Structures are given as C-alpha cells and as structure tokens.
Trainee: 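Following this message is one structure expressed as structure tokens.
On a predicted model such as this, the values are computed, not experimentally measured, just so you know. Both backbone and side-chain heavy atoms feed into the values below; hydrogens, waters and symmetry mates do not.
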Amino acid sequence: MTDTYKTIASPSEETLFKEKNSKFFGYAYPVTLEEEIKSHLEILRKQHYGAVHYCYAFQIGTDKIQFRANDDGEPSNTAGAPIYGQIQSFGVTNILVVVVRYFGGIKLGVGGLISAYRTSAQMALEASEIIEKTINIDYSISFDYKNMNKVMRVIKEKNLEIISQKMELGCEIVISTRKKNAEIVFDIFNSIFEIKIKLIE
C-alpha cells in the first residue's frame, strides 16, 4: 500500500515560452482546496491584465482525486488538457498549473497550441521543487486525565504527530499517523480501557 504522494514545495518561478510572437507564461502552485485556485487566478489576471487566455489545470487529493482542465476560450482541449497531461506525467497532485497567453497576432493552429501549452506547463513543473509527502490519517483520542501517561507512551513509541490538544478534566488529543500505520495505531488505542479513538474525516 502506498502512503506517499508527490507535490511541489512552493510556487514555481515564472517561466516564459515564446511561439510565433505569442508569449506563454507558466506558473505552478501547491493547492489543497478549490477556493485557493480562484485567488491564484485573480492575482494572475491583475498581474497580466493585457493577456487573452488564462488556461489552467489542477488536481487535488490522493484517494479521491478532484481535477479540472480549463481552456479559457482556446479551442476545445488545446490548453487545459495538455496542461493536465503534464501534471499526470510528472505524477504530482495538490497542484495548480496556469499558463497565461499573450496573443502575438499569428494563429498557431490546434497542434501548435497543444504543443505550446504542453511545453509551458512542463517548464513550470521543471522550475518547481517536487517533494514527496506522506498520506496521513488523523484521529481524535478522548480520555480522562488519569490515563494521560498511557496515551503519551503510545504517541512516543509510535512517533505520532500531535496536531492539537485540549487538557482539562476530559482530555482530547488529535494525532496524525502515516496511512500504512493507521490501523495498528487505531487498534492500540482502541484496546486501552477508558480511551476513545475516532477517525477524523
């Protein structure tokens, strides 16, 4: 079972590809929510207010994949699809790739457009630092204060990440573990008397 995925560490440097006087500026951004995509596009529209097309593709998720390719007025499947193709060929997710085009007065034709958008997306991805992350599962653990040592011992032994904790009369800790260890971690806590564990969706 794989519990890692590839994404980019931070937004890429701007890249520029020129074809018959048309300019294609490429950008890649790490994203985890669809709302983030809108704000990146709005910033680029302000930055490149003289451009004619803001074509993009994104993919979010690891198990349930969410993706979209947008041609933004270019002929169907000549922009968004080749950009998305590069996201797939680099094997990355949680990513948005945008190509901003300034028209240079000469039509490129369907083949020319596909090639230009593909190349521009490839350049943006090559300019990005691609990193590997683990797919994590989060659990909430509830227990009485007197069981604190038991809980902390497991967290330490299993090297679990604590995301948040509330320590009052009743304690609650949210932990994160790699997907491949999730079942074992769940079973350990589940078997300890007076401790409740539940999955956070």
Trainee: Can you confirm whether the side chains of Glu34 and Gln66 place a donor and an acceptor under 3.5 Å from each other?
Mentor: yes
Trainee: Are Tyr139 and Ile137 side-chain neighbours, meaning at least one heavy-atom pair lies under 4.5 Å?
Mentor: yes
Trainee: Pairing donors with acceptors under 3.5 angstrom, does anything connect the side chains of Glu172 and Ser140?
Mentor: yes
Trainee: CG of Asn181 to CG of Asn159: how many Å apart, nearest 0.5 Å?
Mentor: 9.5 Å
Trainee: Answer with yes or no whether the side chains of Thr32 and Glu36 bring together a donor and an acceptor at under 3.5 Å.
Mentor: yes
Trainee: Kindly compute the distance separating OG1 (Thr4) from NZ (Lys133), expressed to the nearest 0.5 Å.
Mentor: 12.5 Å
Trainee: Mind telling me whether Phe24 and Phe17 have parallel, tilted or perpendicular rings, with 30° and 60° as the class edges?
Mentor: tilted
Trainee: Quick check: is Ile83 connected to Leu44 through a chain of hydrophobic side chains (ILVMFWY, heavy atoms under 4.5 Å apart)?
Mentor: no
Trainee: Decide yes or no for Lys146 and Glu194: does some side-chain heavy atom of the first lie under 4.5 Å from some side-chain heavy atom of the second?
Mentor: yes
Trainee: Can you find a pair of side-chain heavy atoms, one from Ile188 and one from Lys158, that are under 4.5 Å apart?
Mentor: yes
Trainee: Side-chain contact test, heavy atoms from C-beta onward, threshold under 4.5 Å: evaluate it for Ile175 versus Ile155 and give yes or no.
Mentor: yes
Trainee: Taking salt bridge (Lys or Arg N to Asp or Glu O under 4.0 Å) as the cut-off, I'd like each qualifying pair that reaches into residues 69-80, sequence neighbours left out, listed once.
Mentor: Glu74-Arg101
Trainee: Answer yes if Ile200 and Leu33 sit in the same cluster of Ile, Leu, Val, Met, Phe, Trp and Tyr residues linked by side chain heavy atoms under 4.5 Å apart, and no otherwise.
Mentor: no
Trainee: Can you tell me how far CD1 of Ile195 sits from CG of Asn147, rounded to the nearest 0.5 angstrom?
Mentor: 5.0 Å
Trainee: Is there a chain of hydrophobic side chains (I, L, V, M, F, W, Y, each step under 4.5 Å between heavy atoms) that links Leu199 to Ile162?
Mentor: yes
Trainee: Is Ile65 linked to Ile37 within one hydrophobic cluster, defined over Ile, Leu, Val, Met, Phe, Trp and Tyr using a side-chain heavy-atom separation of less than 4.5 Å?
Mentor: no
Trainee: So that I know where these two stand, are His48 and Tyr102 an aromatic pair - ring centroids less than 6.0 Å apart?
Mentor: yes
Trainee: Apply side chain to side chain contact (heavy atoms under 4.5 Å, CB included) to the pair Val154 and Phe189, showing each step before the final yes or no.
Mentor: CA-CA 8 Å; Val154 177; Phe189 281 114; 3.6 Å; yes
Trainee: Can any side-chain N or O of Ser120 pair as donor or acceptor with the backbone N or O of Val99 at less than 3.5 Å?
Mentor: no
Trainee: Given Val97 and Tyr56, is the side chain to side chain contact (heavy atoms under 4.5 Å, CB included) satisfied, shown in steps?
Mentor: CA-CA 6 Å; Val97 177; Tyr56 66 90; over 6 Å; no
Trainee: Tell me if a side-chain donor or acceptor on Thr119 pairs with a main-chain N or O of Ser115 at a distance below 3.5 Å.
Mentor: yes
Trainee: To the nearest 0.5 Å, what is the distance between OG (Ser10) and OH (Tyr29)?
Mentor: 12.0 Å
Trainee: Passes side chain to side chain contact (heavy atoms under 4.5 Å, CB included), Met152 versus Ile173? Steps please.
Mentor: CA-CA 10 Å; Met152 286 307 182; Ile173 295 183; 3.6 Å; yes
Trainee: With a cut-off of 6.0 Å (strictly less than), are more than 12 heavy atoms of other residues, nucleotides or ligands near CD of Glu14?
Mentor: yes
Trainee: Are any of the side-chain heavy atoms of Arg68 and Ile60 separated by less than 4.5 Å?
Mentor: no
Trainee: Heavy-atom count around Gln165 CD within 6.0 Å, excluding the residue itself: above 12?
Mentor: yes
Trainee: Using every non-hydrogen atom in the two residues, find where Ala28 and Ser128 come nearest and quote the distance to one decimal.
Mentor: CB-OG, 3.6 Å
Trainee: Taking all heavy atoms of Gln47 and all of Tyr27, pick out the closest pair and write down the distance.
Mentor: NE2-OH, 3.5 Å
Trainee: I need the minimum non-hydrogen distance between Phe103 and Ile106, along with the two atoms involved.
Mentor: CE1-O, 3.4 Å
Trainee: As an exercise, state the distance from NZ of Lys150 to CZ of Phe143, rounded to the nearest 0.5 Å.
Mentor: 11.0 Å
Trainee: For Thr78 and Val110, work out which heavy atoms get closest and say how close.
Mentor: CG2-CG1, 3.9 Å
Trainee: Side chains of Ser142 and Cys171, heavy atoms from C-beta outward: is any pair under 4.5 Å?
Mentor: no
Trainee: For Gly61 versus Asn94, what's the shortest heavy-atom pair and its separation?
Mentor: N-OD1, 2.8 Å
Trainee: Does Lys180 offer a backbone N or O that forms a donor-acceptor pair with the side chain of Asp3 under 3.5 Å?
Mentor: yes
Trainee: Are any of the side-chain heavy atoms of Lys20 and Leu108 separated by less than 4.5 Å?
Mentor: yes
Trainee: Examine Arg45 relative to Tyr54 and say whether NZ or CZ is less than 6.0 Å from the centre of the six-membered ring and inside a 45° cone about the ring axis.
Mentor: yes
Trainee: Please report the shortest heavy-atom distance between Arg178 and Asn136, naming the atom on each side.
Mentor: CA-OD1, 3.5 Å
Trainee: How long is the gap from OG on Ser164 to CG on Asp138, to the nearest 0.5 Å?
Mentor: 9.0 Å
Trainee: Would you indicate whether the side-chain heavy atoms of Lys6 and Thr93 approach each other to under 4.5 Å?
Mentor: no
Trainee: Begin with the C-alpha distance, continue with both residues' side-chain angles, and end with the deciding distance and a verdict on side chain to side chain contact (heavy atoms under 4.5 Å, CB included) for Asn70 and Tyr84.
Mentor: CA-CA 9 Å; Asn70 187 317; Tyr84 187 59; over 6 Å; no
Trainee: Are Met123 and Ile130 co-members of a hydrophobic cluster defined by side-chain heavy atoms under 4.5 Å apart?
Mentor: yes
